[in-house]
Participant: 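Provided herewith is a single structure, encoded as structure tokens, for subsequent inquiry.
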Amino acid sequence: MPGIQVIEATQPTDRPKLNRVAIDEAHCISEWGHDFRPAYKELSWFKRALNNPPVPISACTATATPRVRQDIINLLGLDPGQLKIFNTPSARPNIHYEIRYLPNPIDDSGDSGKAQVNDFVSWLKSIQSRRRARLGGNDANLPPISGIIYVSFRSSSENLAGILSTSWNGNIRAVAYHAGLSSQDRTQIQSQWTSPQSLSEPNDQTPAFYIIVATNAFGMGIDNPHVRFVVHWNPPRSFEGFVQESGRAGRDGRAAASIVYFNTQERDKVLDRLRRDVENAYNRANKKPANGVSKDDPNSNLQNQYARLRSFQKVVRYCESTSRCRHEMIKDFFGDLELERMGSQAPSSEMKTGSSASPCDFACDFCKEGPRGLTLRKARMAIENELMDCTQWDYMSNMEAMYPDAFSGFD
């Protein structure tokens, strides 16, 4: 899947040694990453301790922005003069990226709105109709089409799976997947979903679609190359997480789809929660502990909370834009052009197979519908309050004005 691999080369030696240290999910080492884990900072031990002879280090991640990439190099103590960087594009050319603007509020309490469910089921029916037309109706013995829906809460996972399973005469099998399930249940669900032909039983109807309705914990260690669609039932909480999760579709190289359901009410709810987290982190960073010793680095937490807010702002810009190709936006946000200049990725002009009229060969809603069609569709989205559109009001500028000393070093 899309990602970056940083490898430090060393001279070979005849002495027996550890061949290589490989660090997966390397973005977790950076406070500016969407999934910062303090324990990852201890991984710098490898470079300090394994130096006679030096052991080469590989750092791999699918979600590294330019700042996070630099953090990975600096915090692991890698030598820039010996680095080799390998990268694949952040936007997957075989994925069709689309935003669906909801006319009604997203209900994430477990009671999924009928309009949203009906919209999704209608989309599945259109896929099934095209499949039957292409095969001349001879699709009875084909395995179900696999997909993933991401939701925010366990209760939503259970509720939505039940609603979808009863919404189309047995054509949809939807199963909840979350950390609350037993290890045995999760293993069974994974096994059936990755091998859907095991669902077929004599005299039983084979569903047209087999869908996992999952919280964001799903997917780690799962490798199903035949996922045809990934749907975010709510706006993703981070842009890095969105790219990683949507990238679980179409790993076999065939056409796939990424759909995000978007609504201003949910946007404002998440932004308000993230702003409060930044404010709380700022207050803790400027408050001296009673004993003069802080267990955790308060500035580190502040930077991480701010990075989360900035990441969600990218999600909002991606979803609300009606003037740019989605593929181009993903590349822009992840600094792919910088990597092209570094020579670690083939220039986009060499990799492009699309029409000159569309950077992605019409593999996104903007390029397919055009700015006017997309703007008209977005205009039908219900505005639940009088907050300005996020593309007009820069939340980050507001936060930086409130806390200039905290964010003055950010670029």
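The analysis underlying the following values was restricted to heavy atoms, covering all of them including side chains, and did not include hydrogens, waters or symmetry mates. Predicted, not measured: the structure shown is a model, and the values here were computed from it. Numbering starts at 1 and runs along the sequence shown.
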Participant: Just by modelled atom types, is the Ala363 backbone N or O under 3.5 Å from a matching donor or acceptor in the Asp361 side chain?
Facilitator: no
Participant: Could you tell me whether Arg275 and Asp272 have a side-chain N and a carboxylate O separated by less than 4.0 Å?
Facilitator: yes
Participant: Say whether, by atom type as modelled, one donor and one acceptor occur between the side chain of Ser165 and the main chain of Ala174 under 3.5 angstrom.
Facilitator: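 Present.
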Participant: For the residue pair Phe239 and Phe334, categorise the inter-ring angle as parallel (less than 30°), tilted (30 to 60°) or perpendicular (more than 60°).
Facilitator: tilted
Participant: If we count only N and O atoms by modelled type, under 3.5 Å, do the side chains of His232 and Glu245 hold a donor and an acceptor together?
Facilitator: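 There is such a pair (donor and acceptor under 3.5 Å, judged by atom type) between the side chains of His232 and Glu245.
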Participant: One pair to check against side chain to side chain donor-acceptor pair (under 3.5 Å): Arg237 and Tyr150. What are the steps and the verdict?
Facilitator: CA-CA 11 Å; Arg237 294 302 187 261; Tyr150 283 106; over 6 Å; no
Participant: Using salt bridge (charged side-chain N to carboxylate O under 4.0 Å, His left out), reason through Asp332 and Arg317 one step at a time and then give a plain yes or no.
Facilitator: CA-CA 12 Å; Asp332 184 17; Arg317 287 176 175 168; over 6 Å; no
Participant: Below 6.0 angstrom between ring centroids: does that apply to Tyr177 and Trp193?
Facilitator: no
Participant: Are Tyr261 and Glu266 close enough that a side-chain donor and a side-chain acceptor fall under 3.5 Å?
Facilitator: no
Participant: Output yes when Arg37 and Glu25 qualify as a salt bridge under the 4.0 Å nitrogen-oxygen rule, no when they do not.
Facilitator: no
Participant: Do any N or O atoms from the side chain of Arg326 and from the backbone of Ser321 form a donor-acceptor pair under 3.5 angstrom?
Facilitator: yes
Participant: With a 6.0 Å cut-off on the ring centroids, do Tyr318 and Phe333 count as close?
Facilitator: no
Participant: When you measure from the side chain of Ser30 to the backbone of His27, do you find a donor-acceptor pair of N or O atoms at a distance under 3.5 Å?
Facilitator: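 No, Ser30 side chain to His27 backbone: no donor-acceptor pair under 3.5 Å.
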Participant: Salt bridge check: are Asp71 and Arg67 linked by an N-O gap of less than 4.0 Å?
Facilitator: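 Judged by the 4.0 Å cut-off on N to carboxylate O distance, Asp71 and Arg67 do not form a salt bridge.
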Participant: I'd like to know if the side chain of Ser191 and the backbone of Thr187 have a donor-acceptor N/O pair within less than 3.5 Å.
Facilitator: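 Not at all, since once roles are kept as given, no pair shorter than 3.5 Å links the two residues.
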Participant: Centre of Tyr101's six-membered ring, under 6.0 Å away, within 45 degrees of the axis: is that where NZ or CZ of Arg377 sits?
Facilitator: no
Participant: Check the surroundings of atom CZ in Arg273: do more than 12 heavy atoms from other residues, nucleotides or ligands lie under 6.0 Å from it?
Facilitator: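 Yes - once you tally the heavy atoms of other residues, nucleotides and ligands closer than 6.0 Å, there are more than 12.
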Participant: Any luck finding a side-chain donor-acceptor pair between Asn280 and Arg284 under 3.5 Å?
Facilitator: no
Participant: Main chain of Val151, side chain of Asn234: is a donor-acceptor contact present, judged purely on distance under 3.5 Å?
Facilitator: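 Side chain of Asn234 to backbone of Val151: no pair is present.
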